[in-house]
Number of protein chains: 2
Amino acid sequence: MSAAEPAAPALTPFGRLVAEHRRSLGSGADERLSTDDIVQLLQQAIIRGVFAPGRALRQDDLALELGVSKIPVREALRTLEAYGFVELPHNRGAVVKELTLAQLREAFDLRQMVEPLLMRAAVARLSEAALKEAAELVERMAQERNAWTFSRLNSRFHQILYEAADMPLSMQILTMLQGYIQRMSFMQLSMMGFNRSSNEDHRHILDACRRGDADAAARHVADHVSGIKTVVMGLYAQLHGDTGADELHSKPPRHAN
Amino acid sequence: MSAAEPAAPALTPFGRLVAEHRRSLGSGADERLSTDDIVQLLQQAIIRGVFAPGRALRQDDLALELGVSKIPVREALRTLEAYGFVELPHNRGAVVKELTLAQLREAFDLRQMVEPLLMRAAVARLSEAALKEAAELVERMAQERNAWTFSRLNSRFHQILYEAADMPLSMQILTMLQGYIQRMSFMQLSMMGFNRSSNEDHRHILDACRRGDADAAARHVADHVSGIKTVVMGLYAQLHGDTGADELHSKPPRHAN
DNA sequence: TTATCTGAAGTCGTATACGATTTTTACTAC
DNA sequence: GTAGTAAAAATCGTATACGACTTCAGATAA
């Protein structure tokens with residue numbers, strides 16, 4: 001508890017994320033962040049591009065900005081390592097993992113396998129409450145103009161529908177895959193352009209769920225993922241020149257932060 | 001260096017695993033175990049049933065038996081939590097996760113999707129060295145009489161073949177799934193009974209790989225996984241009394257397919 | 001007896017401290 | 001200027017210490 005804390009906002013991009021997270025926690029703003037909070041914060045920072053691929057994450061810095069010691073930071077990094085967000089070379093700290101076009105394609109391929117299966121299994125078991133919440137999310141997404149918030153609502157929409165399937169392994173895998181896909185920062189941009197068409201898909205999916213038509217729901221989900229894949233992969237090709245044959249685009253940024 | 005160390009063998013089952021691991025490390029036996037070593041040791045202990053589902057893992061005890069403080073133990077537990085081996089309820093330590101029949105089935109279903117895909121993609125890229133090592137593993141498996149060692153060789157056989165596909169996400173998922181499946185202790189037993197038939201499958205797979213016949217290789221892998229699934233699920237039903245139809249038996253047990 | 005309370009013991013979670021390793025800097029030799 | 005080296009600084013990994021939380025045992029009251 002230093003007097004310098006309020007006097008030095010020290011507004012790094014990550015610091016802003018931390019402040020935002022603290023606010024969203026609601027309660028006493030001076031409480032210590034849990035390791036799980038830190039996992040979420042770091043994950044979000046990586047997904048949103050605050051920590052770009054290849055960036056070294058120094059434990060003491062993170063600890064300072066999070067207001068904890070480095071022990072919970074290190075534990076959070078272990079979790080993120082397991083989820084494929086960072087690498088932890090021994091005695092050399094943590095580095096944000098690189099992403100390649102091949103991995104992006106692979107993540108989509110796997111989603112195309114897993115999601116229709118989840119949807120099909122879920123339809124017969126969907127509760128009224130779940131359908132209601134899903135419908136609300138569709139409406140909120142239609143209004144949403146912030147890419148990150150839209151992305152969150154979108155994830156939640158699918159999660160709500162899928163978790164009725166009661167297939168925890170598939171859900172765990174899907175969560176991991178979505179993390180990979182969301183990490184493509186352009187994804188968030190493309191999301192916005194894709195907004196309208198995506199919302200249409202969502203309505204189709206929701207309708208099929210309401211009717212209890214598992215086949216149709218699974219088909220709509222497959223089309224949905226396929227559509228997103230096309231847009232995102234296309235955008236990737238556009239942004240990275242052409243075929244995306246290169247993978248190491250890392251030139252050192254002049255100024256960090 | 002305390003005088004008590006050599007005087008107290010303290011032969012808990014886990015202690016034996018630790019000693020075994022130390023021996024397999026070869027070099028100076030008095031080196032401190034790394035966090036990664038601890039992850040492997042705990043994972044192995046859970047898979048082999050030394051730590052049964054539901055068991056509470058106390059950090060101080062583990063640290064003592066591993067010869068480290070509880071900090072690396074906690075980090076290892078975080079990794080294992082992410083992989084689905086333990087749960088970490090806040091302020092209540094670590095507990096070995098329970099396994100259900102539904103999860104076993106789900107793990108097999110996912111393997112049946114992922115493995116043929118990996119095999120198909122790998123065939124064209126397999127190196128001579130990989131084929132040679134795979135062949136050696138088949139031979140060693142045929143001789144092997146220890147269930148755990150057999151299981152390790154088996155995992156390695158598939159890993160060698162699949163990693164040529166260069167699909168790291170699928171590999172990561174598959175590793176997780178195999179962890180789940182291996183946790184069924186009876187799995188190791190059934191492995192032995194299944195030994196002969198399994199080795200036949202392996203030879204077929206390897207032959208197809210050598211011929212560069214991707215379709216055949218993928219088909220053999222699918223059959224292989226399917227065969228194991230049948231045996232393991234059947235054994236589960238046998239050991240757990242009845243059909244295991246409690247709540248998730250989606251297929252009628254009247255007649256076998 | 002059964003239930004509730006209270007204090008003690010046990011366990012967890014993390015801040016601090018420190019040795020070990022890596023990286024950077026400054027210097028020298030070529 | 002480049003290469004090589006040695007000292008200094010930065011960073012990591014973990015043992016220790018301690019406050020916080022949970023659990024359990026014994027006591028009291030109904």
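Here is the naming used below: chain letters follow the sequence lines, and residue numbers restart at 1 for every chain.
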Exercise for the section: Indicate whether any N or O donor in one side chain lies under 3.5 Å from an N or O acceptor in the other, for B:Ser34 and B:Asp37. Expected result: yes

Handout entry: Donor-acceptor pair between A:Glu106 and B:Ser170 side chains, under 3.5 angstrom
Key = yes

Do you know the tightest heavy-atom contact between [X] and [Y]?
X        : Y        : answer
B:Ala134 : B:Leu161 : CB-CD2, 3.9 Å
A:Gln172 : B:Gly84  : NE2-N, 4.2 Å
B:Met167 : B:Ala121 : SD-CB, 3.8 Å

Can you tell me the distance, in whole Å, between the [atom1] atom of [X] and the [atom2] atom of [N]?
X       : N      : atom1 : atom2 : value
A:His90 : C:dA20 : NE2   : P     : 13 Å
A:Ile71 : D:dA15 : CD1   : C1'   : 9 Å
A:Asp61 : D:dT11 : CG    : P     : 7 Å
B:Leu66 : D:dG13 : CG    : P     : 18 Å
B:Glu81 : C:dG13 : CD    : P     : 11 Å
A:Arg78 : D:dC12 : CZ    : C1'   : 12 Å
A:Glu31 : C:dT14 : CD    : P     : 13 Å
B:Lys70 : C:dC12 : NZ    : P     : 6 Å

Exercise for the section: Compare all side-chain heavy atoms of B:Gln44 with those of B:Arg152 and state whether any distance is below 4.5 angstrom. Expected result: yes

Exercise for the section: Could you tell me whether the side chain of A:Leu137 reaches within less than 4.5 Å of the side chain of A:Glu133, counting heavy atoms only? Expected result: yes

OP1 or OP2 of [N] under 4.0 Å from side-chain N/O of [X]:
X       : N      : answer
A:Gln59 : D:dT11 : no
A:Arg92 : C:dT23 : yes
B:Thr35 : D:dG13 : no
A:Ser69 : C:dA15 : yes
A:Arg74 : D:dC12 : no
B:Arg32 : D:dA15 : yes
B:Ser34 : D:dG13 : no

Problem - A:Arg16 atom CZ, over 12 foreign heavy atoms within 6.0 Å - result: yes

Side chain of [X] (C-beta onward), nearest among [options]:
X       : options                : result
A:Asn91 : D:dG13, D:dT11, C:dT23 : D:dG13
B:Pro72 : C:dC12, D:dT14, C:dG13 : D:dT14
A:Glu75 : D:dG13, C:dT14, C:dT11 : C:dT14

Do any N or O atoms of the protein come closer than 3.5 Å to N or O atoms of nucleotides 6-9 of chain D, and which pairs are they?
none

Exercise for the section: Give one of base, sugar-phosphate or nothing for B:Leu77, where a contact means two heavy atoms less than 4.0 Å apart. Expected result: nothing

Practice task
Would you indicate what A:Leu88 reaches in the nucleic acid, counting non-hydrogen atoms under 4.0 angstrom: base, sugar-phosphate, or nothing?
Solution key: nothing

